[in-house]
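Contents: one structure, followed by commentary.
Naming: A, B, ... by sequence-line order, numbering from 1 per chain. On a predicted model such as this, the values are computed, not experimentally measured, just so you know.
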Protein chains: 2
Amino acid sequence: MRDAFHEDLDKISDQLVDMTKLVGTALERATAALLEGDRTIAESVIAADDDIDALRREVDDLAVDLLARQQPVATDLRMVVTAMHMSSDIERMGDLARHIAKVARMSAPNVAVPENLRPIIADMARVGQKLVQATGDAIGSKDVYAAVEIGRIDDEMDELHKKVFTTLLGDWEHGMEAGVNATLLSRYYERYGDHAVAVADRIVYLVTGRYGNPDEGLTR
Amino acid sequence: MRDAFHEDLDKISDQLVDMTKLVGTALERATAALLEGDRTIAESVIAADDDIDALRREVDDLAVDLLARQQPVATDLRMVVTAMHMSSDIERMGDLARHIAKVARMSAPNVAVPENLRPIIADMARVGQKLVQATGDAIGSKDVYAAVEIGRIDDEMDELHKKVFTTLLGDWEHGMEAGVNATLLSRYYERYGDHAVAVADRIVYLVTGRYGNPDEGLTR
């Protein structure tokens with residue numbers, strides 16, 4: 001049997017995992033809206049962001065309530081504080097998916113992304129999915145090595161981000177509007193990855209008590 | 001005489017105000033580096049971001065320590081939690097100034113921003129300064145009306161952001177690289193403003209207990 005504090009903490013952890021699922025779906029659908037020029041999907045992603053925001057407030061309220069009732073100290077306290085920071089990062093991932101959906105909506109029924117960039121954007125979405133799933137798993141497991149792996153997956157995102165810029169600065173024949181959109185979209189996917197890494201870093205700090213590169217000095 | 005809890009809370013509040021000063025200086029100097037093509041200033045902004053990150057960790061550690069030692073409840077608890085969220089937003093403003101400095105460094109001694117955009121960027125920096133000063137004042141005073149004013153100032157930033165895009169999508173004769181840089185720079189300034197608004201929203205929530213538009217239903 002777990003005590004009341006840890007039961008509440010498990011509940012918060014479950015809600016954070018639920019948030020990762022929602023922001024994963026948001027990214028997937030926003031990308032579909034973007035690459036298919038589908039306004040209806042774009043609208044639904046934008047509307048669904050309210051659910052993510054609401055869940056974030058629920059997590060934060062539960063965390064504050066837990067602090068007030070149980071007055072945890074040491075590691076227990078750190079875990080609750082960390083959960084609040086995580087909810088903030090995951091909520092922001094939802095905002096970024098919403099931004100992508102807004103670009104999709106603005107151009108629909110046309111596709112905002114020129115054909116030569118679509119495979120890169122599709123790859124960014126795929127890596128984003130891997131990141132958010134790994135983040136959900138790491139929150140559930142508190143596994144430092146799983147958290148470290150998130151940084152490695154994010155390197156793939158950064159490579160794709162660079163690839164977008166290489167494409168933009170090459171023989172770009174699609175005009176400035178498509179260029180501005182591509183710049184912003186690439187930034188949104190990249191930031192989505194950064195927030196996954198921020199969550200992972202918090203897990204590493206929670207478990208090891210260290211900031212910075214969590215992998216240094218860790219061997220399996 | 002204030003009790004130990006409120007003395008510690010004052011210290012946290014002072015540190016948050018110090019953070020706003022550092023990120024204000026960072027924005028001012030990053031913009032100078034950008035508009036003058038000055039690599040030395042750019043480097044110093046990038047290096048100084050470590051101090052902001054360190055101060056943020058100090059605030060967070062002090063807040064966690066305060067929670068553990070004093071075990072506050074109700075409004076006192078909310079104030080400590082809010083301080084941690086604020087430190088996160090203000091630190092992020094420092095990151096954005098660092099991003100601007102990195103664009104400056106990449107182009108120096110040339111100026112990354114074409115002449116016709118420089119006045120708009122200078123205006124964005126000026127509005128950013130107003131925002132960060134107002135944010136520092138609002139943290140110190142916990143004045144809801146000062147916090148609401150921050151949202152109004154940020155509207156100016158959003159207008160300037162739109163102006164950059166209008167310029168980009170008009171007769172842009174500066175090529176794609178300058179276009180990509182302008183897109184990103186404008187986004188950095190705009191996000192800097194958003195984080196100031198996020199801090200302001202937290203002050204409003206702390207004082208009024210309400211999310212959403214703090215101005216609705218408030219009259220002076």
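- Screening A:Asp50, A:Asp53, A:Asp49 for a side-chain hydrogen bond (donor to acceptor under 3.5 Å, both in side chains) with A:Arg98, the sole residue that qualifies is A:Asp49.
- Salt bridge annotation for B:Arg78-A:Asp61: present, with a cationic side-chain nitrogen under 4.0 angstrom from a carboxylate oxygen.
- Salt bridge annotation for A:Arg191-A:Asp194: present, with a cationic side-chain nitrogen under 4.0 angstrom from a carboxylate oxygen.
- Ranked by heavy-atom pairs under 4.5 Å with chain A, the first of B:Thr183, B:Val73, B:Val81 is B:Thr183.
- Interface summary for chain A: among B:Arg69, B:Glu177, B:Arg92, the most heavy-atom pairs under 4.5 angstrom belong to B:Arg92.
- For A:Asn110, the CG atom is densely surrounded, since the number of other residues' heavy atoms within 6.0 Å is greater than 12.
- Proximity to chain A involves both the backbone and the side chain of B:Val180, based on heavy atoms less than 4.5 angstrom apart.
- Per-residue heavy-atom pair counts under 4.5 Å with chain B were compared for A:Ala63, A:Gly175, A:Ala74, A:Ala68, and the maximum is reached by A:Ala68.
- Under 3.5 Å, the side chains of A:Thr31 and A:Tyr189 contain a donor-acceptor pair of N or O atoms.
- When heavy atoms are compared at a cutoff of 4.5 Å, B:Leu77 approaches chain A solely by way of its side chain, counted from C-beta outward.
- In this structure, chain B has heavy atoms under 4.5 Å from both the backbone and the side chain of A:Val64.
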